[in-house]
Amino acid sequence: MNRLLGWRAPLLSLVVFLLLIGVWHALTLPKSAAQTVNAEYAALVGAEASTGQKSAFPSPRDVGVKILEHLRDPFYDHGPNDKGIGIQLGFSVARVLLGYLLAALVAIPVGFLIGMSPTVYRALDPYIQVLKPISPLAWMPLALFTLKDSSVSAIFVIFICSLWPMLINTAFGVASVRREWLNVARTLEVGPMRTAFRVILPAAAPTIMTGMRISIGIAWLVIVAAEMLVGGTGIGYFVWNEWNNLSITNILTAILAIGLVGMLLDLMLAKLTKLVTFPE
Amino acid sequence: MSEPLIRIEGISKKFTGRDGAVTTVFEDLYFSIEPGEFVCLIGHSGCGKTTILNVLSGLEQSTSGYVFVGGREVSGPSLDRAVIFQSHALMPWLTVMGNIAFAVSSRWPEWSKEKVRAHCQQYIDLVNLTGAEKKRPAELSGGMKQRVGIARALSIQPKMLLMDEPFSALDALTRGVLQEEVLRICAETRQTVFMITHDVDEAILLADKIVLMTNGPHAKVAEIVVNTMPRSRTRHDLHKHPHYYRIRNHLIDFLVDRSKAFAGDTPDYDPRRPPLVTPGLDPAAAAAQAPVPGTPLAVVG
């Protein structure tokens, strides 16, 4: 019975997958009757699509073939406008990690201070409340103007968007450390630094990690948009470039890859969160 | 008389409410604890028992009055006074060994890892937790967690052990076992203990002196009951001793009736010198029970 139950969810997943592919396949089947289309459009999508023998939207088969093609050689580099999807993803992940780590370096110590001191908290709260809801992309022109480098600006945008969840969660985690653990440290005459690292940090670690998990999710969302703006390299640029090439298959492949990498990043953070979380 | 280990002189605690009204939880508390003594404090909830313990530990400050430890005034928490918390307060990210080692390395920062380990092991063995060193608190039962709390407190070899209803969250069987162990450990180490409880039997089993508090607000020390039963008492033969019911009846009588209107029924009461009473030796109390011939009359004022 239990074994049967264990198989039900994956089975249902498979059914949903087949259903999606089936509907997609049905919708992209070639139509028999010849259609008249705009000549310019015909030139763009090719003779087969323009006459209706082939759908303009790629079929699952087309995308599957494209994915295999990308998987066979993900790291080729044929000049600035033709790089493998692996290289593009690598650029994006590197930017995200750099901006994200810089944000962690700032957010965790500052969040610690805010959490420890109600005065600092009250003093900085208005700034946080105003800066937090600003779309990270709104910073882009300012970053481009001041930093004068598109790649650095993209990293700055990642930095600014990962900052807030980490900062707020760290402050909250530190402020809500159980009173009795602090009392244990006090009765043992533990110094402030030792209390911070041996009691408060491990006690707040699960909350801090939750903030870091939210941040990596947001950072991965933002990088695609940021790279579409700054161009050059990265998966966001790849998507935009393929739109200009009108290669829907490549765009679909990239969308799938973005989802998978985002999932992997989230899984990694979830694993790390588990490592620092201890039930009572 | 030599200086007691702990001397409490007229401490009080006042809280100011939201509406500005001042509530005096307790005031004019005077009592002392001699080295090697086991003192229990009993009172109804609301008389500020936990606050008294926090003042003794230095975690909280009294509104007025002084607490002296070994003749020196308490100014804050100290390694001299270890606290066993009601909710054990173990750190869930540390193992049993880790929790105790945190205390030991705080007490003796200069010790090597091996020395800290060996010292911790000694106290893990003392509370019968051998074999559970690598377990985390979540894997332990309530009784085992409290054993770790006891080991952590004892491991820093404090002058004074402060316990805040340490067994109240445990089931009756576990509580009995732990009470006996505390009795054994205190007999072995001659540890001075101040414990808060609301369990009359627990107090009679463990304490040499039982401090009775009147009801709050304005709680005071009503009297101090001397446990006249021998220190070799155990949970099994406790109730067979002739003094047991006299002391028990006296305590219950106090908690049920006298704690409410204490000031009313004792006109010559002075909170600076709460009366020291020995109901265990009192023939009047004995009259209700089987009479014991030849018991001397000894009510010390």
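So you know, we letter chains A, B, ... as the sequences are listed, proteins then strands, and number each from 1.
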Worksheet item: Does a side chain donor of either Asn169(A) or Thr210(A) reach within less than 3.5 Å of an acceptor in the other side chain?
Response: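 No, Thr210(A) and Asn169(A) have no side-chain donor paired with an acceptor closer than 3.5 Å.
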
Practice prompt. Please determine, by modelled atom types, if Ser64(B) and Ser12(B) share a side-chain donor-acceptor pair under 3.5 angstrom.
Written response: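 Judged by distance alone, the side chains do pair up.
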
Practice prompt. Sort by residue number and list every member of residues 180-196 of chain A having a non-hydrogen atom under 4.5 Å from chain B.
Written response: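 The list, in residue order, reads Glu180(A), Trp181(A), Asn183(A), Val184(A), Arg186(A), Thr187(A), Leu188(A), Glu189(A), Val190(A), Arg194(A).
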
Considering only heavy atoms, which portion of [X] lies under 4.5 Å from any heavy atom of chain A: side chain, backbone, both, or neither?
{"X": "Arg107(B)", "result": "neither"}
{"X": "Leu79(B)", "result": "both"}
{"X": "Leu140(B)", "result": "neither"}

Practice prompt. Identify which part of Val199(A) has an atom lying under 4.5 Å from any heavy atom of chain B, answering side chain, backbone, both or neither.
Written response: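 Both parts, backbone and side chain.
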
Discussion item. Counting only non-hydrogen atoms closer than 4.5 Å, does Ala203(A) touch chain B with its backbone (N, CA, C, O), its side chain (CB onward), both, or neither?
Written reply: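 Contact with chain B is through both the backbone and side chain of Ala203(A).
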
Item to complete: Mind ranking Ser87(B), Ala82(B), Ser57(B), Gly58(B) by heavy-atom pairs under 4.5 Å with chain A and telling me who comes out on top?
Response: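 Heavy-atom pair counts peak at Ser87(B).
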
Worksheet entry | Partner chain A: residue of Ala103(B), Pro158(B), Ala153(B), Pro109(B) with the largest heavy-atom pair count (under 4.5 Å) |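 Of the candidates given, the most pairs with chain A belong to Ala103(B).
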
Fill in: Check ion pair Arg175(B)-Asp199(B) (N to O, under 4.0 angstrom)
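Counted as a salt bridge, because a side-chain N and a carboxylate O are separated by less than 4.0 Å.
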
Discussion item. Quick test of your reading of the model: are Glu34(B) and Lys209(B) salt-bridged, counting only N-O distances below 4.0 Å?
Written reply: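 Not counted as a salt bridge, because no side-chain N and carboxylate O are separated by less than 4.0 Å.
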
Using residues 100-123 of chain A as the side-chain source, report each donor-acceptor pair under 3.5 Å to any protein atom, sequence neighbours left out, with the distance given to one decimal.
| unit_1 | atom_1 | unit_2 | atom_2 | d |
| --- | --- | --- | --- | --- |
| Tyr100(A) | OH | Met212(A) | O | 2.8 |
| Ser117(A) | OG | Thr119(A) | N | 3.3 |
| Ser117(A) | OG | Val120(A) | N | 3.0 |

Item to complete: On the 0 to 90° scale, with breaks at 30° and 60°, tag the Tyr123(B)-His119(B) ring pair as parallel, tilted or perpendicular.
Response: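 Tilted: the ring planes of Tyr123(B) and His119(B) meet at 30° to 60°.
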
Fill in: Crowding at CZ, Phe91(A) (>12 non-hydrogen neighbours, <6.0 Å)
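No, CZ of Phe91(A) has 12 or fewer neighbouring heavy atoms, counting only those of other groups under 6.0 Å.
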
Worksheet entry | Other residues, nucleotides, ligands: >12 heavy atoms within 6.0 Å of Phe68(B) CZ |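 Counting neighbours around CZ of Phe68(B), more than 12 heavy atoms of other residues, nucleotides or ligands fall under 6.0 Å, so yes.
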
Worksheet item: What's the verdict on salt bridge (Lys or Arg N to Asp or Glu O under 4.0 Å) for Lys13(B) and Glu60(B), showing C-alpha distance, side-chain angles and the deciding distance?
Response: CA-CA 10 Å; Lys13(B) 185 77 185 181; Glu60(B) 263 184 75; 3.6 Å; yes

